[in-house]
Every structure is written in C-alpha cells, then in structure tokens.
Amino acid sequence: MPALSQRITTLNGDGSDGWDVFYRARAMIAAGVPVTELTIGEHDIGTDPSILRAMYDSARGGHTGYAIVPGVSALRDAVAARIEAQSGVPTSRENVLITPGGQAGLFAAHMAVCSPGDVGLIVDPYYATYPGVVRSAGAVPRVVATRSSQGFLPEGAALEQASEGAASLLINTPNNPTGAVYPRHTLQDIADVVTVRDMWLISDEVYDSQVWEGAHLSPRALPHMAERTLVIGSMSKSHAMTGSRIGWIVGPEEVITCLVDLATNTTYGVPGYIQDAALFALRAGAELELQVAEPFQRRRAIAERVLAKQDLVRMIPAQGAMYVMLDVRATGLSGEGFANALLDAHHIAVMPGESFGTSAAGHVRVAMTLEDSQFEAALHRLCSFAAGLAQAA
Ligand code: PMP
C-alpha cells in the first residue's frame with residue numbers, strides 16, 4: 001500500500017488517548033455485563049418528537065435535495081438573531097455558516113485561521129478532539145495548563161507565556177470536561193492576550209444553554225473582539241440533537257465567505273430537512289431548551305449534596321454543562337487507576353481526567369447523563385469506594 005499522509009497518520013499524536021476505560025466499559029456492555037455509564041456527553045432523552053415531526057414534514061415536503069451550501073437563509077437568520085440576543089453584538093446571516101455539528105465547525109475554523117505549521121493553543125483540560133482538530137488543519141497544538149485549585153480557569157500569566165508565536169486560541173465555556181463557566185475577568189484576560197498577540201480566538205460555546213450559576217458570556221461580546229473571534233455553536237447539547245449533526249460558525253463576514261468555499265469542497269452543506277428541523281427547534285423558543293437542560297441542573301445539585309457528606313473526594317465547582325469533575329487524589333490513585341478500579345469493582349464507568357490532558361490528572365469526569373436516582377446511587381458508591389481505597393492505603 002502506498003504511504004498515507006503525515007497529516008492523517010499523526011492525527012492522534014502519541015496515540016495514548018486515555019480512552020481505555022471507555023472502550024473497556026463498552027466491551028463489558030457488549031458482553032452483557034450491566035454497566036452504569038457516566039462517560040460521554042449523550043443525553044438520556046432523545047430529540048423532542050415535535051422536532052422529529054418538523055424533520056419528517058420537511059423531508060416529505062421535498063427538502064431532500066442539495067441544500068444551499070452556507071445554510072438555509074431562514075436558519076442563518078435565526079442563528080444570527082439568537083447570537084445577537086445573547087451577546088448584544090449586531091449579527092446577520094452573512095456572519096453565519098451552518099455546519100454539520102460543532103465538530104465540523106471546529107475543524108473549519110482552524111482551517112480558516114491556521115496555516116500549516118502554525119501553533120494552535122488549547123486549554124488543558126480540553127475536550128478530547130481538540131488536539132486532533134488542530135492537527136487536522138496542519139497546525140501544531142500547544143496547551144495552556146490550568147490548575148484544579150483555580151477551578152481549571154486559564155490564568156493570565158499562563159496564557160501570556162503559552163501564546164508567544166501562536167496563531168489561534170481555542171476556548172470552551174461552559175466547559176467540557178470541567179463544568180467551569182468562564183467569568184468576565186477570565187474572558188478579558190483572554191481578550192487582552194489574543195489582541196496583543198494579534199491572534200484569532202475560537203470560542204466553543206456548544207453548552208451555552210446549560211448554565212447553572214451566573215450567565216453565559218461570549219468573548220465575542222467584549223470590545224473589539226467580534227473582529228477576531230469565531231464562535232462555534234451546535235444544536236447537539238441545547239436540543240438533544242447530537243445525531244442530527246447541525247451547528248454553526250459565527251464570525252466576520254470575510255471569514256464566513258472563505259468558509260463557504262471550504263464547505264463547498266468538503267461537506268457541501270447540511271441536509272435541508274435537518275436545517276428545517278433546527279429552525280423549528282430554535283423558533284420553539286427557550287422553553288424547549290430549558291426542558292433539555294433542566295435534568296443536568298438537578299443532577300448537579302444531587303452531586304453537590306452527595307459529595308458534601310464526605311471530604312475525601314472533592315467536587316470542582318461546576319457552573320455549567322453536563323459534567324462534574326471530581327478530585328480523587330486523596331485515594332492515592334491516578335484518575336485512570338481510580339476509573340479502572342471503579343469499573344472493575346462496581347461496574348461504574350467514568351472518564352479519567354488524564355483523557356483530557358495533564359492538568360486534570362488525579363481527577364475523574366462524571367457525565368450527569370443518568371436518571372436522578374441511579375445517578376445519586378452511583379455517586380454514593382463512588383464515594384464509599386474512594387473511602388475504602390483511602391483506608392486501605
Ligand atoms: N465541543 C465540545 C466541548 C463538546 O463537548 C462537543 C461534543 N461532545 C463538541 C464540541 C461537538 O459537538 P457536536 O459536533 O455534536 O456539535
């Protein structure tokens with residue numbers, strides 16, 4: 001076989017991706033072993049039937065041919081209106097490209113702002129695909145380390161140090177995996193650094209509807225930031241539409257024009273009936289989004305209550321998204337060691353913090369994607385398991 005490209009063979013870096021626990025849990029489930037699955041960010045509900053009806057009606061109505069590449073105008077308008085209402089920044093359809101999900105948006109954004117060999121910054125701990133998405137654009141990922149004691153928020157000095165010579169910075173608020181919602185001062189530190197270094201900011205806001213404390217603030221809303229910020233959005237988390245693959249990029253018109261060229265040569269748009277369903281969902285208003293987000297808020301309160309009963313496992317304060325990060329260092333185990341042992345002993349699957357970089361070593365991420373009482377029971381078992389480990393140590 002002829003050689004494959006360097007780009008594709010090096011996509012996963014050194015190959016140690018920390019996903020062993022996840023695959024082991026999947027194998028146990030496939031072998032018929034019941035496993036309490038708290039690994040990935042998939043809702044425990046499906047897409048609302050009213051959205052599915054809109055999808056069906058659109059497809060039956062004939063919207064099954066090629067859709068216009070930048071996205072259906074009415075949907076671009078609806079996304080622009082949503083973003084403008086949220087951020088106060090004037091936004092029109094020319095600022096919006098509809099993409100097949102947030103992930104495709106992350107890829108396209110890096111393709112637009114990173115040349116081969118450029119450095120693309122990511123904040124550690126990071127969502128699992130971030131290093132690969134930077135590499136897939138031919139750029140080199142460099143991490144900005146954060147600290148558990150600081151709620152995993154990026155700090156000014158670390159940002160400044162890491163950003164020397166970088167072309168872009170990718171941030172995510174509300175954050176996966178930490179649940180952090182970046183406060184204004186953190187976003188201002190970020191804005192200052194990317195402005196001084198004349199960098200692009202790529203702001204992944206796919207969890208914008210899941211904020212439990214305070215409010216979601218987009219860095220695009222800060223002074224002079226709209227001209228150097230690309231916002232990534234998605235219907236996956238806000239409307240439980242993960243499988244529909246629909247999202248967007250919002251940015252300066254000149255960038256969107258270039259991205260339409262990229263889309264013409266890659267995705268060739270998003271199916272029309274999916275776009276119509278997304279439009280229906282956005283027009284349905286905040287009620288539907290609240291309905292999708294509410295279980296995670298409830299379960300975060302459950303997690304706080306359960307974790308408060310002991311002081312061995314520390315919960316990193318989470319203000320948003322569908323995860324909580326737990327510090328298990330007091331057990332003496334790494335996050336990976338703890339997650340593997342928990343899977344063996346109690347058939348509970350959580351993600352090791354090491355899956356998300358090095359800053360969250362000794363932590364595990366728990367997805368709040370299980371019905372309340374089962375979620376609570378799993379957390380009780382996790383805490384007593386940790387107590388047993390600490391006693392034995
Ligand atoms: N960004 C973050 C932080 C995520 O957690 C995810 C999905 N888990 C995505 C982007 C991609 O989401 P999608 O492609 O489904 O919109």
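The residues of the chain are indexed from 1 along the displayed sequence. Only this structure's heavy atoms are used, side chains among them; waters, hydrogens and symmetry mates stay out. Order of appearance sets the numbers: ligands from 1, and atoms from 1 within every ligand.
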Exercise for the section: State whether the number of non-hydrogen atoms from other residues, nucleotides or ligands found under 6.0 Å of R283 atom CZ is greater than 12. Expected result: no
Exercise for the section: Look at the rings of F296 and W212 and say which category their plane angle falls in: under 30° parallel, 30 to 60° tilted, over 60° perpendicular. Expected result: tilted
Practice task
Anything under 30° is parallel, anything over 60° is perpendicular, the rest tilted; go ahead and classify Y130 against Y127.
Solution key: perpendicular
Problem - Donor-acceptor contact present, side-chain Q210 to main-chain A293, <3.5 Å - result: no
Handout entry: Side-chain donor or acceptor of R197 paired with backbone N/O of E160 under 3.5 Å
Key = yes
Practice task
Given ring pair (Phe, Tyr, Trp, His ring centres under 6.0 Å), test F152 with H363 step by step and report yes or no.
Solution key: CA-CA 12 Å; F152 293 114; H363 294 64; 5.3 Å; yes
Name each N or O atom in ligand 1 that is under 3.5 Å from a protein N or O, and give the partner atom and the distance.
residue, atom, partner, partner atom, Å
ligand 1, 1 (N), D204, OD2, 2.5
ligand 1, 5 (O), N176, ND2, 2.8
ligand 1, 5 (O), Y207, OH, 2.7
ligand 1, 8 (N), Y127, OH, 3.3
ligand 1, 8 (N), K237, NZ, 3.0
ligand 1, 14 (O), G102, N, 3.2
ligand 1, 14 (O), Q103, N, 2.9
ligand 1, 14 (O), R245, NH2, 2.7
ligand 1, 15 (O), S236, OG, 2.6
ligand 1, 15 (O), R245, NH1, 2.9
ligand 1, 16 (O), G102, N, 2.7
ligand 1, 16 (O), S234, OG, 2.6
ligand 1, 16 (O), S236, OG, 3.3

